[in-house]
Number of protein chains: 2
Amino acid sequence: MSDARRVIAELKELAARTSTPEGAQRLAWGPVWRDARAWFQGKVAELGLRAEPDAAGNLWVTVPGDSARTIIMGSHLDCVPNGGWLDGCFGVVAALEALRSHARGKKPPVTLKLVDWADEEGARFGRSLFGSAAAAGTLQLEDVRGLKDRHGTALPDALRENGVDLERVLDAHTQFKAIDARAYLEVHIEQGPVLESLGKSTGVVIGTFGVERHMMRFTGQAAHSGSTPIPMRRDAFLAAAATALECRQIALRHSKPGAGVVCTVGVVNVEPRVVTAVPGVCEISLDQRALDAEVLAVMNREARAASERLARENNVTVEWRHLLRIAPRPFDPALLRLCEQSVQEVTGEAPRLPSGPLHDASEMAARVPTVMVFSSSTRGLSHCKEEDTPEEHLERTTRAFLGLVDRTVAHVAAAP
Amino acid sequence: MSDARRVIAELKELAARTSTPEGAQRLAWGPVWRDARAWFQGKVAELGLRAEPDAAGNLWVTVPGDSARTIIMGSHLDCVPNGGWLDGCFGVVAALEALRSHARGKKPPVTLKLVDWADEEGARFGRSLFGSAAAAGTLQLEDVRGLKDRHGTALPDALRENGVDLERVLDAHTQFKAIDARAYLEVHIEQGPVLESLGKSTGVVIGTFGVERHMMRFTGQAAHSGSTPIPMRRDAFLAAAATALECRQIALRHSKPGAGVVCTVGVVNVEPRVVTAVPGVCEISLDQRALDAEVLAVMNREARAASERLARENNVTVEWRHLLRIAPRPFDPALLRLCEQSVQEVTGEAPRLPSGPLHDASEMAARVPTVMVFSSSTRGLSHCKEEDTPEEHLERTTRAFLGLVDRTVAHVAAAP
């Protein structure tokens, strides 16, 4: 069996073990996730290696090299409830394959580490990138201490069930800093439609988008749908609708070929939400993303100005509430070149694209030179049981990733 | 005490008896409503008259005249939960005052009837104008037989508790047809901001709006907010937002001075309704109202065409689901003139306005020459405990209504 075929076979084995008819169920900190990790540890043991947890519950596997210079390959085994067979675990299993080739041959010139990050998805407690943020030192304990899941279980209790003490998770950052990390590599499915639409199996990821996420609350006056003439209305929904459309125009204005930006209104709540009432309140979410920090800041200022103008024009008010701000993470130029060569070698071309979703690589990119490889996603679907990628695309992408690892080993070994 | 002051005093008496700190609680078919009717029957008995139920639970009080020609005055004692002190009961108590003057003096030349319609609001089972529709013969039993309230109580069981057999409610239509009805008069609060904004206490209602009510369901494709470039999206919400804004433009185009039309998107539901997902489905309600049937039909056709065009432009589909269609009910020209004279006499002017909300008068207008008088509503509020009208406005409007009754008595008596 080729290396790439083995990756697919192992992914199917994992899916069979951790899925129901509704999809994969490897929710972080729960029993199916622990079982997935037990399966993974078995695979690691077959190589004569061990997977060791850090203080944040991340599992690390090390193949020591001639030098302490280290290349980290990472991804995550956890998934959303009713998830797919590829999101996260593709990266872990492909990285395992990279370890396998280096663990069996002669000692590599540099050290290789694989990390299975804990709770990338944040699907249970709402805090994504938990383990990688702890390792990177960006996790704020006061932000997560009070988190509860939908059943009322507190995050610290769920961690304790997994041998993790929340008050000590930042020790993982100390552990991370002790590594002489020279590169972070991650392979993932795109979770979007770009590669498929281009007819490509594999892409070079130029960075992860920065995010500006806010709620806008428009407040007007609820009124009877029959008795209130339109010029006397203070319709909060129409102000929000006009703002949402304007935010799309702002994003389109800032999109350039190869440097697209996005903007989404995903949540819409109107009150009182009855057929015969003019909405007195409308709350919408705004999620703006771009790879260029300055462009993102301008988009956000323009959206705010548009919401205020359209609120005035509709005789309502608007308040913004900040939800999330993430800096763009452009990837390392040297690693991008290696990635491009490797993808080019396997597929004959090397399309570049940004990553809209965040990945553990976003946390790593602030600390270590980082790059990612994407495999196409069928119909762009992810976080659902329909998530899929043609097997020949997975094979080619695996080969490109393994090539990237080899190139990076040589690059790091040769560095002055 | 003047007649008009007595109306206000009685309304306060009723409110004190049937309200909690959250507002009036005269929900149709329930104990507080029955208590309100018992209070009303006591007032009727003081006049030496009796309130008699018809087969639909409407209460009728008759002052026989020299002629069987009959003028009906009606409104409703029921209200929404946490309702106000005026909606519905103002019309009943003012009509009682009109009966009082005619019951005590010499026998009137024509017969006068007061009707307290059952369940105008439809607040419990969702079918408004229940009693008046039964009397008018427009109630469809098959549409209401299966209705249940939020606690699962079936409409037929709630009626039975009130001595009403659902299978026989249309006997009320037979009873109604036996009346030689020549006019239907109703006074109500406006429940909108028009009179207040004009600085007027009292208005002549030219008819009740026709209604076209539909749900539009836009279907695109849910997608990740980060990974899906804007040109590849099928965003159901933005298609709906653009349609809602366009429907407002359509209504503004069809509004003429004195013949305003309205249009409202009150319900908005997006799926999956998460911050990081492009909405794959968006459902909105559309409620269009106009006094001219042809204008209403054109508005509806234009809204449909706009929704289809905007769905196409956003690469989504749209389906319409019909909810409600009510014909406009322009009121009787001869009664409008009498109403105008009466309002003019009391207030010095007689602003005309349509009624956006439906009233029992909408059912009557199809069967009997009908007119309504409106009193201003403070801040246009209704269906809430803040519902109010300045007492001097209630007084003037009551006097105008009593004058209208007298004029109508003379008009009907003098008819050939």
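In this text, all values refer to a predicted model and were calculated from it rather than measured experimentally. Chain letters run A, B, ... following the sequence lines, proteins first, then strands; residues in each count from 1.
Chain B forms more heavy-atom pairs under 4.5 Å with one residue of A/Pro229, A/Ala244, A/Pro193 than with any other, namely A/Pro193. Heavy-atom pairs under 4.5 Å with chain B peak, among A/Leu353, A/Leu245, A/Val278, at A/Leu245. Ranked by heavy-atom pairs under 4.5 Å with chain A, the list B/Ala222, B/Cys263, B/Gly380, B/Pro231 is led by B/Cys263. Between chain B and the options A/Val267, A/Val270, A/Leu238, the largest number of non-hydrogen pairs under 4.5 Å is found for A/Leu238.
Of the two parts of A/Ala242, the backbone and the side chain both hold a non-hydrogen atom closer than 4.5 Å to a non-hydrogen atom of chain B. At a 4.5 Å heavy-atom cutoff, A/Leu324 makes no contact with chain B through either its backbone or its side chain. Within the 4.5 angstrom heavy-atom criterion, only backbone atoms of B/Val274 (N, CA, C, O) approach chain A. For A/Val261, the part lying under 4.5 angstrom from a heavy atom of chain B is the backbone only.
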Could you please show the donor-acceptor pairs under 3.5 angstrom between chain B and chain A, with distances rounded to 0.1 Å?
| unit_1 | atom_1 | unit_2 | atom_2 | d |
| --- | --- | --- | --- | --- |
| B/Gln191 | O | A/Ser227 | OG | 2.5 |
| B/Ser225 | OG | A/Asp287 | OD1 | 3.3 |
| B/Ser225 | OG | A/Arg289 | NH2 | 3.2 |
| B/Ser227 | OG | A/Gln191 | O | 2.5 |
| B/Arg233 | NH1 | A/Cys263 | O | 2.9 |
| B/Arg233 | NH1 | A/Thr264 | OG1 | 2.7 |
| B/Arg233 | NH2 | A/Thr264 | OG1 | 3.2 |
| B/Arg248 | NH1 | A/Asn314 | OD1 | 2.8 |
| B/Arg248 | NH2 | A/Asn314 | OD1 | 3.1 |
| B/Cys263 | O | A/Arg233 | NH1 | 3.0 |
| B/Thr264 | OG1 | A/Arg233 | NH1 | 2.7 |
| B/Thr264 | OG1 | A/Arg233 | NH2 | 3.2 |
| B/Asn269 | OD1 | A/Arg273 | NH1 | 2.3 |
| B/Arg273 | NH1 | A/Asn269 | OD1 | 2.3 |
| B/Asp287 | OD1 | A/Ser225 | OG | 3.3 |
| B/Arg289 | NH2 | A/Ser225 | OG | 3.2 |
| B/Asn314 | OD1 | A/Arg248 | NH1 | 2.8 |
| B/Asn314 | OD1 | A/Arg248 | NH2 | 3.1 |

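In this structure, the separation between CG on A/Leu252 and CD1 on B/Ile230 is 4.5 Å, given to the nearest 0.5 Å.
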